[in-house]
**Q** 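This structure is in structure tokens; I'll ask about it shortly.
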Protein chains: 4
Amino acid sequence: MKAARAKVDHRTRVGRQRSARTEGRIIEAALRVFAERGPDAPVIDDFVRAAGVARGTFYNHFESVEELLHATSAWTTRHVLERIAQAMDDIESPTVRLGVGLRLFFAQAQRDPVWSRFVARVWKVGGLELPVHDLEVGLRLGHFRVPGRDAARDLLLGGAREALRRIGEGQAPPSFGDQMAELCLQALRADQRRIVAALAQSLPDVPERTRTR
Amino acid sequence: MKAARAKVDHRTRVGRQRSARTEGRIIEAALRVFAERGPDAPVIDDFVRAAGVARGTFYNHFESVEELLHATSAWTTRHVLERIAQAMDDIESPTVRLGVGLRLFFAQAQRDPVWSRFVARVWKVGGLELPVHDLEVGLRLGHFRVPGRDAARDLLLGGAREALRRIGEGQAPPSFGDQMAELCLQALRADQRRIVAALAQSLPDVPERTRTR
Amino acid sequence: MKAARAKVDHRTRVGRQRSARTEGRIIEAALRVFAERGPDAPVIDDFVRAAGVARGTFYNHFESVEELLHATSAWTTRHVLERIAQAMDDIESPTVRLGVGLRLFFAQAQRDPVWSRFVARVWKVGGLELPVHDLEVGLRLGHFRVPGRDAARDLLLGGAREALRRIGEGQAPPSFGDQMAELCLQALRADQRRIVAALAQSLPDVPERTRTR
Amino acid sequence: MKAARAKVDHRTRVGRQRSARTEGRIIEAALRVFAERGPDAPVIDDFVRAAGVARGTFYNHFESVEELLHATSAWTTRHVLERIAQAMDDIESPTVRLGVGLRLFFAQAQRDPVWSRFVARVWKVGGLELPVHDLEVGLRLGHFRVPGRDAARDLLLGGAREALRRIGEGQAPPSFGDQMAELCLQALRADQRRIVAALAQSLPDVPERTRTR
DNA sequence: TATGAATGAGAATTCATTCAT
DNA sequence: CATGAATGAATTCTCATTCAT
């Protein structure tokens, strides 16, 4: 994204809005394109065609596919993770936090398969402070007992990625996310009653993001 | 006449041998290239340079990068999985089989980081009948208790892939594979004594494959 | 809004004009290249160099040499044949029409040897409704007496192609076209007086096409 | 064709026969390939595949496609034209000679469509001394009256080429060759009785050449 | 800022030719 | 002589990037 001018006077506001709209169109299109074809295969023309803009317009907003990928990644996951974090603001127990967080995450995936495929394929693991933090708190408090924290982290993230792939393909039943969350907590040897509590907790509302068209 | 046919056969045989050797060189080089750069980024010149053959030679053996990827995948994983299966031929318990199988798999990864990175990045999941079969036997026998078999499968495979990535980067301690195996069995709620047995079992020898140069 | 649309239209129009001009340059160059080297031998670089455009520009306008050949063929012969047809609009007698048409055709060849060689070498026979139509009218009216109309057609077209080749090589005297026309009418056993009339008729003006540079 | 050794002792005879056979196979295959694809489009692999020989074998006999084309041309047309000339040895009248020669030529085309297509597409006009000679004798004797001898020559040869194309496509009735011959003589304003004689003359037997398989 | 034609570097692909067996 | 794998120059084709409007 090219640096926005600091000074925004009245004259430029309209132009900026149009620009923001164009940028949004490109990113939304990119989400779909990356979801279908992965991070490396697409060429600029794919985005240009999907967004319905001219080729030169692309370069008015992004310098390369790489940059577009970053922008799309950030724009796409930041909102979701922020909203999930917010929704869990008042939960204390790391077991419940981790369980509910995973369930919310997969619920989001069920709502938006394109987003799901995008994250499954593109995610270079970033913005994952949330579950990792809960994992570490849980370990410190002795709620989880695992042979190694890196291994635990890899199992959770790897499992989540595969789950997203399956959900994105539409081959997962509605309960799939809860099953996955339960498995994850089992892997961490969480207390059985806490697991049940995490699964029983009714999911807080997460405000829907602007949907992928 | 007989002499003539023998001569033809001889020429043909020599040609075949040379061809097979060249193909092997290309595939071995491809393993390294795919491991470093993933399945989409490399261009034909990368393989050609890595294998030390002429550009035209590539096309004498493979029609596209895609086809080379398949060939490399098959050639690379088949041997390993076959040898692991063989080495566990006399183990009965699905818990122990799954645990030992995973440990052998990660041990192979530790021995050959290039192979590890290749599988982590490229694996489109194939030739995984082995762990999946053990998982299903264990479920049928009641040795594992999971909320859903697809979820269990995804957790195992996803975790294994992340583990391979870490091992391939050289960022995993020697015990990492065993930790991962233990976590996987925990996730399946295997019996604690069986888990201990699976981890205590000394690993059978796996004949080393021709190493990546 | 109106201004914006006008602006878009303006950009589009300018782009179209530039594109059409480039396409014209390529086709004119292709005429020369095909004329010298035939339909199969030339490579894309030949056209690119002759037209003075970039290699990529070629592909912005044509998908292959084949397509360029079609485009060049159509563009090249359509104009000439249309103008000849127009110039003969008021001639009735099929004998005179055929004779004058052939004479005009060869006159065009004499004026433009490049065009002549192109048509001689490349012509896959198309846009020949004109002489064929006159031939059939003449046969129906009994002005021509031939043992078979396909044979007559082949003789005329084959003879014309050879004539173009010779004219294109610059090895034909100015009267060559008239001689050929006379021979053709003789072959059809046209009435002698009509032949004389066809040859005596002063050729109508044919507006010159944009010349090959 | 590479130069044959002058000295042929007993030891080499077998080898030479085999070589001659191989060369023949290649040429016969080339006839078909050139007939289908013209003189410029085919690549060496086409001949190699059609002849069922190895790639290197091609270079043992021919240095290039160009040379193969010449060899095929010569081998193909020489026999035919020689046999036609021979069959007409005792005909005196140039009109009858030309008429019968053309009829024999087209009869050969009807017998061998592959040969026909080859000659139609590839013929760079050579070995045509026969009809040209008859044409000139006829002109000298006043049997033909044409406005120009080059034009007459072009009409005859061009018509013959188109006729071969049509015959080669299998779209000509059996009488097509006779019709064409008649048209040609009409074009030359031959005497009507001589034309009738040329067409009435029963065609002498022409020994069949080794057929294209 | 949006447009899209033109550009040319680079990647993919073909194919004539060589050469060890 | 026959074979066919290997070669690399020539060719085709793609695509990121520029720029005038």
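The sequence lines fix the lettering, A, B, ..., with proteins before strands; numbering per chain opens at 1. Quick caveat: nothing in here was measured; it's all calculated off a predicted structure.
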**Q** Name the closest nucleotide to the A:Tyr59 side chain, picking from F:dA2, F:dT17, E:dT7.
**A** F:dT17
**Q** Identify the heavy atoms of D:Glu23 and D:His61 that sit nearest to each other, and give their distance.
**A** OE1-ND1, 3.1 Å
**Q** According to the interplanar angle, ranging from 0 to 90°, do the rings of B:Phe58 and B:Phe47 count as parallel (below 30°), tilted (30 to 60°) or perpendicular (above 60°)?
**A** parallel
**Q** For B:Glu63 and C:Thr57, take the nucleotide of DNA chain E holding the closest heavy atom to each; which residue's nucleotide lies nearer the 5' end?
**A** C:Thr57
**Q** Could you tell me how far apart C:Ile26 (CD1) and E:dA5 (C1') are, to the nearest whole angstrom?
**A** 11 Å
**Q** Using every non-hydrogen atom in the two residues, find where D:Gly168 and D:Ser116 come nearest and quote the distance to one decimal.
**A** N-OG, 3.5 Å
**Q** Please determine whether any donor N or O and acceptor N or O are separated by less than 3.5 Å between the side chain of B:Asn60 and the base of F:dA5.
**A** no
**Q** Within this structure, what is the CZ-to-P distance between C:Phe58 and E:dG8, rounded to whole angstrom?
**A** 17 Å
**Q** For residues 36-51 of chain B, which residues have at least one heavy atom under 4.0 Å from DNA chain F?
**A** none
**Q** What integer distance in Å separates B:Arg21:CZ from F:dG4:P?
**A** 17 Å
**Q** How close or far is atom C1' of F:dA2 from atom CD of D:Glu23, stated in whole angstroms?
**A** 14 Å
**Q** Search all heavy atoms of C:Ala51 against all heavy atoms of C:Ile26 and return the closest pair with its distance.
**A** CB-CA, 3.9 Å
**Q** Partner lookup for E:dT21, please. Criteria are Watson-Crick or G-U wobble with both distances under 3.5 angstrom; report none if nothing qualifies.
**A** F:dA2
**Q** If you look at every heavy atom in B:Ala71 and B:Phe62, which pair is closest and at what distance?
**A** CB-CE2, 3.7 Å
**Q** Assign each of D:Arg55 and C:Val65 to its nearest nucleotide of DNA chain F by heavy atoms, then name whichever residue's nucleotide is nearer the 5' end.
**A** D:Arg55
**Q** Can you give me the closest heavy-atom contact between C:Phe118 and C:Ala35, atom names plus distance?
**A** N-CB, 3.6 Å
**Q** Which one is paired to E:dA11, where only Watson-Crick or G-U wobble pairs with both distances under 3.5 angstrom count?
**A** F:dT12
**Q** Round to the nearest Å and state the distance from B:Leu68 atom CG to E:dA12 atom P.
**A** 12 Å
**Q** With nearest nucleotides of DNA chain E determined for B:Ser64 and C:Gly56 from heavy-atom distances, which residue corresponds to the more 5′ nucleotide?
**A** C:Gly56
**Q** Taking only side-chain N and O atoms of A:His61, does any of them lie within less than 4.0 angstrom of OP1 or OP2 on E:dA2?
**A** yes
**Q** Restricting to non-hydrogen atoms, name the atom on D:Pro42 and the atom on D:Asp46 that form the minimum distance, rounded to 0.1 Å.
**A** CA-OD2, 3.3 Å
